[in-house]
Amino acid sequence: MVITIVIVAMGLGLTAGGIWLAVLGGSFYYLVARLALLLTSWLLARCRAEALWVYAALLLGTMIWAIWEVGFDFWSLAPRGDVLVPLGVWLLLPFIASRLLPRLQAARWALGLVLIIAAGVLGVSLSRDRHDLAGTLPESGTTGAVAAAEPTVPTAGEDGTALWRQHAHE
């Protein structure tokens, strides 16, 4: 199946970046995700329905990790699920799911439920704007110009992107 090759490539692709991020002191998530993807592909190659369970666990774990790391900010969540969620939908399509043995309806339901949760997370994240700041500007003697503070750069440990940026500037 082509899907197996795609998932293997994704798992192997997370190896170098995941190791590098962990060495920099960042999240070990990518190494765990790599193992889950490789296990999913191995089970798919053997036409085992357990692949859907493993993938459902990966997707659920990814959502929990992503929300813990960035909250419900759509633009920060999107890169963490923009490939995994559609791939989960693809795994449920009849020409893939019906080939898996044993024919575990529970595995299909588990992945389907996690995809529904992902849709809910999408809905919540689209309804919130983490960067919308409500408030007023202080009255001052300026002529309408507001002095801008120095831009803040995320520090290492806030998220993986900050770690990459910090290392690139050293």
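Residue numbers start at 1 and run along the sequence shown.
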Peer 1: To the nearest 0.5 Å, tell me how far Leu12 CG sits from Leu38 CG.
Peer 2: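 If we round to the nearest 0.5 Å, Leu12:CG and Leu38:CG are 5.5 Å apart.
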Peer 1: State, to 0.1 Å, how close Thr62 and Arg80 come at their nearest heavy-atom pair, and which atoms those are.
Peer 2: CG2-O, 3.3 Å
Peer 1: Can you hop from Phe28 to Leu39 via hydrophobic side chains spaced under 4.5 Å?
Peer 2: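 Different hydrophobic clusters.
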Peer 1: I want to check something: taking the side chain as every heavy atom from C-beta on, are Thr15 and Leu31 in contact at a cut-off of under 4.5 Å?
Peer 2: no
Peer 1: Report the residues that fulfil side-chain contact (heavy atoms from CB on, under 4.5 Å) with Val114, sequence neighbours left out, ordered by chain and then residue number.
Peer 2: Ala56, Leu59, Leu60, Met63
Peer 1: Quick one: closest heavy-atom pair of Gly81 and Pro86, and the distance?
Peer 2: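 Minimum heavy-atom contact is O-CD, 3.9 Å.
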Peer 1: Output all residues satisfying side-chain contact (heavy atoms from CB on, under 4.5 Å) with Leu122, sequence neighbours left out; order by chain, then residue number.
Peer 2: Phe74, Ser125, Leu126
Peer 1: Membership question, hydrophobic clusters at under 4.5 Å side-chain separation (ILVMFWY): are Val85 and Ile117 in the same one?
Peer 2: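 Yes, because Ile117 and Val85 connect within a single hydrophobic cluster, where side-chain heavy atoms sit under 4.5 Å apart.
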Peer 1: Roughly how far apart are Arg108 CZ and Leu91 CG, rounded to 0.5 Å?
Peer 2: 11.5 Å
Peer 1: With a 4.5 Å cut-off on side-chain heavy-atom distances among I, L, V, M, F, W and Y, is there a chain of contacts connecting Ile3 to Leu92?
Peer 2: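 Ile3 clusters together with Leu92.
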Peer 1: Could you tell me which non-hydrogen atom of Ala107 sits nearest to which non-hydrogen atom of Ala49, and how far apart they are?
Peer 2: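 The answer is CB-O, 3.7 Å.
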Peer 1: Any non-hydrogen side-chain atom of Val121 less than 4.5 Å from a side-chain atom of Ile67?
Peer 2: yes
Peer 1: Can you name the salt bridge (charged side-chain N to carboxylate O under 4.0 Å, His left out) partners of Arg48, sequence neighbours left out?
Peer 2: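 So Arg48 forms a salt bridge (charged side-chain N to carboxylate O under 4.0 Å, His left out) with Glu50.
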Peer 1: Going from CG on Asp82 to CG on Leu77, what distance comes out if it is rounded to the nearest 0.5 angstrom?
Peer 2: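 Going from the CG atom of Asp82 to the CG atom of Leu77 covers 10.5 Å.
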Peer 1: Parallel under 30°, tilted from 30 to 60°, perpendicular over 60°: which one fits the rings of Trp65 and Tyr30?
Peer 2: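 Plane angle over 60°, so perpendicular.
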Peer 1: Is there a continuous path of hydrophobic side-chain contacts, each under 4.5 Å between heavy atoms, that joins Val8 to Ile96?
Peer 2: no
Peer 1: Side chains of Arg128 and Asp73: closer than 4.5 Å at any heavy-atom pair?
Peer 2: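 Not in contact.
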Peer 1: Do Leu44 and Tyr55 touch side chain to side chain, with heavy atoms closer than 4.5 Å?
Peer 2: no
Peer 1: Can you check whether Leu84 reaches Met10 side chain to side chain, under 4.5 Å on heavy atoms?
Peer 2: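 Yes. Closest side-chain heavy atoms under 4.5 Å.
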Peer 1: Would you mind listing every side chain to side chain donor-acceptor pair (under 3.5 Å) that reaches into residues 36-45, with sequence neighbours excluded?
Peer 2: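 Residue pairs with at least one partner in residues 36-45: there are none.
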Peer 1: Ring pair (Phe, Tyr, Trp, His ring centres under 6.0 Å): which pairs involve residues 82-115, sequence neighbours left out?
Peer 2: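 Every ring pair (Phe, Tyr, Trp, His ring centres under 6.0 Å) pair that includes a residue of residues 82-115, provided the two are not neighbours, is Trp90-Phe95.
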Peer 1: When clusters are formed by joining ILVMFWY residues with side-chain heavy atoms under 4.5 Å apart, either directly or through shared neighbours, do Ile64 and Leu35 land in the same one?
Peer 2: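 Hydrophobic grouping puts Ile64 apart from Leu35.
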Peer 1: What residues, two or more places apart in sequence or in another chain, satisfy side-chain contact (heavy atoms from CB on, under 4.5 Å) together with Ala36?
Peer 2: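 Residues passing side-chain contact (heavy atoms from CB on, under 4.5 Å) with Ala36: Val54, Leu58.
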Peer 1: Determine the minimum heavy-atom distance between Gly88 and Leu111, stating which atoms define it.
Peer 2: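 Scanning both residues completely, I find the closest heavy atoms to be O-CD2, 3.6 Å.
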